[in-house]
Amino acid sequence: DTGTDTKDEL
Amino acid sequence: MNIFRLTGDLAHLIAIIILLHKIWKSRSCAGISGKSQVLFALVYTTRYLDLVTSYVSIYNTFMKFVFLATSYATIYLIYVKFKATYDHNHDTFRIEFLILPSLALALLINHYFNFLEVLWTFSIYLESVAILPQLFMVSKTGEAESITSHYLFALGSYRALYILNWIYRYATEGHYDLIAIVAGVVQTVLYCDFFYLYITKVLKGKKLQLPA
């Protein structure tokens, strides 16, 4: 899976 | 959230506080690359635009504000308040050679082609090389004050810890983000020779001397 939920990282 | 990411964020926060405190206390930004600080402010600004569109957690929002506020405060100290101590002659890295390729790459390689996503991707690529002007300046001056090397060690450790976080997240959640991982590995690799010098010299009380 890709980027979307990485945005929970700073 | 996991221990690797938490300690990574704390190392990042500590690095920023070390730098701000050093400049404020010594009332001087000698040996500090203002260009790297400009790049970091650009990284946080383009990455944290989602502050206005999405809410993740109070921790996430709080830290984003702290990184934004401290990065602009650092730039203010360097270019306004203590600009007489800014070392123009050694802070000469051409940052347009970092910004433009990062932007071009972000337009070519991204997860989704929309405004916020491309800017986030740009910030990820730019962050991986944002320390270069500072490392370049240290190599030009041939040395760094120990407090500056502590700053660099903490800053380099933050993304190294994030790599452990990505391994942990892949192992436990099956989640991974190749753009963040590849850029994070590049970013950490750039610190490697500094890490070596820091461990072998600074921790033994010697001054950090880089082969100029």
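Here the structure is a predicted model, which is why all the values come from computation and not from measurement.
Surrounding CZ of B:F65 are at most 12 heavy atoms belonging to other residues, nucleotides or ligands under 6.0 Å away. More than 12 heavy atoms of other residues, nucleotides or ligands lie within 6.0 Å of CZ in B:F82, so this atom counts as buried by the packing criterion. Within a 6.0 Å sphere centred on OH of B:Y170, other residues, nucleotides and ligands contribute 12 heavy atoms or fewer. Within a 6.0 Å radius of OH in B:Y55, other residues, nucleotides and ligands contribute more than 12 heavy atoms.
Side-chain atoms of A:D8 never come within 3.5 Å of backbone atoms of B:V56 as a donor-acceptor pair (strictly under, hydrogens ignored).
At a 4.5 Å heavy-atom cutoff, B:N110 makes no contact with chain A through either its backbone or its side chain. With a 4.5 angstrom heavy-atom cutoff, B:Y44 does not touch chain A via any of its atoms. Only the side chain of B:D9 comes within contact range of chain A, with at least one heavy atom under 4.5 Å from a heavy atom of that chain.
Between B:T53 atom OG1 and A:K7 atom NZ the span is 11.0 Å, to the nearest 0.5 Å.
Side-chain contact between B:K64 and A:L10 is present, with heavy atoms from C-beta onward closer than 4.5 Å.
Salt bridge B:R47/A:E9: absent, no basic N to carboxylate O contact under 4.0 Å.
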